[in-house]
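Reading through the structure tokens given below for one structure.
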Amino acid sequence: SKKMKSIKSKSKNMLKSRQIQKIKTRIIPKIHFITFGCSLNYSDSEVMAGLLKEDGFNIVDTIEKADLVIVNSCTVKDKTEVNFKKLIRQLKLKNKIIIIAGCIPQTDPEKLEEFSLIGTTQLNNIVKVVKETLKGNIIKILDRSKTNPRLNLPKIRKNPLVEIIPISQGCLGSCTYCKTKAARFDLISYDKKAIVCQAKDAIKDGVKEVWLTSQDTAVYGIDIGLTLTDLIIDLIRIPGKFKIRIGMGNPNHFIKIIDK
């Protein structure tokens, strides 16, 4: 039995080695993104794709075309995690090289030891993670970054008419049933001027909807002496015809600003 396991392990390693060697012979490795979860996750995938494209990688639209697949995961619902696990099994059967991003590696990295992982506050390191993985290394960058540079970065929009802008990360809650808190941490509101700058550039690009996203949009600015209302006032002053969509927020915090 141990001998059979050893043979299977060697066989998998040889197969992976052949995959890496095959990719090395190509000029531009091809990468595909699969994203689960909320609009914030989709925004994270757009930015990671933009950073990789800027570094010379080719972003493709199907699994079949890809040398490497980046799965941006969600941990909010059991069904989503079940679908995630099913997808990983399918990708392994297709002999795809896999990197896992998002909430699951941030909260349960021990369950994903065989894969390269990138944390929710480490998106700016995606190029490094991809390059090391394509060399055959398993790399995990999961440390919490309190700066988390996130705005006005290269991106590839999933929908060319929609600009998804994260306005903060984390929340003020401490709900015992919520795993997202462990994945996204405490509230850090992003700079208002940087958010407005990103919105302006997107509208100049022809975007018709600006989506403000976060774990809790209603608490935006509490840690920096602002409110969501202050941000919206500046956004509606931007010239052009566009809609603003405000993402999920807790009612108990919205009540405090609803009349402003």
Side-chain angles (χ1 to χ4, degrees), residues 15-16 19-20 22-23 26 28-109 111-134 137-142 150 153-160 162-164 166 179-180 183-184 211 213 215 247:
L15 180 60
K16 186 175 180 180
Q19 285 175 266
I20 301 287
K22 185 179 178 183
I23 293 167
R26 293 183 181 169
I28 305 175
K30 298 176 181 179
I31 299 171
H32 178 64
F33 279 83
I34 300 173
T35 306
F36 291 92
C38 64
S39 57
L40 180 60
N41 261 23
Y42 280 92
S43 176
D44 287 350
S45 290
E46 289 179 346
V47 167
M48 287 190 284
L51 291 169
L52 287 165
K53 184 177 180 182
E54 184 181 63
D55 201 72
F57 290 95
N58 188 2
I59 309 302
V60 295
D61 56 3
T62 65
I63 293 170
E64 286 67 32
K65 294 177 185 175
D67 300 308
L68 181 149
V69 178
I70 298 173
V71 181
N72 197 355
S73 62
C74 173
T75 191
V76 172
K77 297 178 181 178
D78 287 341
K79 185 178 179 181
T80 308
E81 283 205 43
V82 169
N83 290 336
F84 163 78
K85 290 173 184 176
K86 182 180 177 182
L87 171 67
I88 295 300
R89 288 195 297 270
Q90 291 171 344
L91 292 175
K92 288 174 73 174
L93 288 172
K94 293 176 184 287
N95 296 319
K96 296 297 179 181
I97 298 169
I98 303 166
I99 292 174
I100 302 175
C103 294
I104 294 179
Q106 192 70 62
T107 55
D108 295 312
K111 296 179 181 178
L112 303 166
E113 290 183 357
E114 64 181 294
F115 304 106
S116 286
L117 309 176
I118 185 165
T120 55
T121 64
Q122 295 289 342
L123 304 188
N124 55 313
N125 282 308
I126 187 60
V127 172
K128 178 180 179 181
V129 174
V130 167
K131 286 182 175 179
E132 287 299 316
T133 303
L134 288 173
N137 300 321
I138 293 176
I139 180 170
K140 303 177 192 296
I141 304 182
L142 299 168
R150 189 58 190 76
L153 295 171
K155 69 190 303 184
I156 299 175
R157 294 188 191 95
K158 184 176 176 63
N159 184 334
V162 174
E163 176 72 358
I164 307 173
K179 210 170 181 181
T180 307
R184 298 285 182 174
W211 293 6
T213 187
Q215 279 69 59

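Computed over heavy atoms, backbone and side chain alike; hydrogens, waters and symmetry mates excluded. Owing to the predicted nature of the structure, the values given are computational and were not obtained by experimental measurement.
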Rounded distance [0.5 Å steps], CG in N58 versus NZ in K53: 9.0 Å
Using a strict threshold of under 4.0 Å (side-chain N to carboxylate O), is an ion pair present between E163 and R157? yes
Is there a donor-acceptor contact under 3.5 Å from the side chain of Q106 to the main chain of R184? no
Can you name the salt bridge (Lys or Arg N to Asp or Glu O under 4.0 Å) partners of K140, sequence neighbours left out? none
What distance do I34 atom CD1 and I63 atom CD1 have between them, rounded to the nearest 0.5 Å? 3.5 Å
Closest non-hydrogen contact found for A66 with I31 is CB-C, 4.3 Å
Residues which pass salt bridge (Lys or Arg N to Asp or Glu O under 4.0 Å) with K131, listed by chain and number, not counting sequence neighbours: D55
Check P166 against S43 and note the closest heavy-atom contact, atom names and distance. CD-OG, 3.6 Å
Residues V71, F115; criterion side-chain contact (heavy atoms from CB on, under 4.5 Å); working and verdict: CA-CA 11 Å; V71 181; F115 304 106; over 6 Å; no
Interatomic distance, CG@D44 vs CZ@F33, rounded to 0.5 Å, equals 10.0 Å
Would you call D108-K85 a salt bridge at under 4.0 Å N-O? no
OG1 (T133) and CD1 (I118) are apart, to the nearest 0.5 Å, by 9.5 Å
Stepwise, does the side-chain contact (heavy atoms from CB on, under 4.5 Å) test hold for F84 with I100? CA-CA 10 Å; F84 163 78; I100 302 175; 3.8 Å; yes
Would you please test L52 and V127 for side-chain contact (heavy atoms from CB on, under 4.5 Å) and show each step? CA-CA 6 Å; L52 287 165; V127 172; 4.0 Å; yes
May I have the step-by-step check of side-chain contact (heavy atoms from CB on, under 4.5 Å) for V130 and I70, ending in yes or no? CA-CA 9 Å; V130 167; I70 298 173; 4.0 Å; yes
Using a 4.5 Å cut-off on heavy atoms from C-beta on, say whether the side chain of L68 contacts that of F57. no
Could you tell me the separation between the OG atom of S73 and the CD1 atom of I88, rounded to the nearest 0.5 Å? 8.5 Å
Mark yes or no for whether H32, through its side chain, and V60, through its backbone, hold a donor-acceptor pair below 3.5 Å. yes
Here's a test for you: under side-chain contact (heavy atoms from CB on, under 4.5 Å), which of T120, T213, N72, I164 qualifies with N41? N72
Name the residue from I104, L142, V129 that meets the side-chain contact (heavy atoms from CB on, under 4.5 Å) definition with L117. L142
Taking all non-hydrogen atoms of both residues into account, name the closest pair between P109 and T107 and its distance. CD-C, 3.4 Å
Would you say S45 and K158 make side-chain contact, with heavy atoms under 4.5 Å? no
I141 versus K128, closest heavy-atom pair with distance: CD1-CD, 4.1 Å
Identify whether the distance between the nearest side-chain nitrogen and carboxylate oxygen of K92 and E114 falls below 4.0 Å. yes
Measure the CD-NZ distance between E64 and K96 for me, rounded to the nearest 0.5 Å. 6.5 Å
Nearest heavy-atom approach of L40 to R150 is O-NH2, 4.4 Å
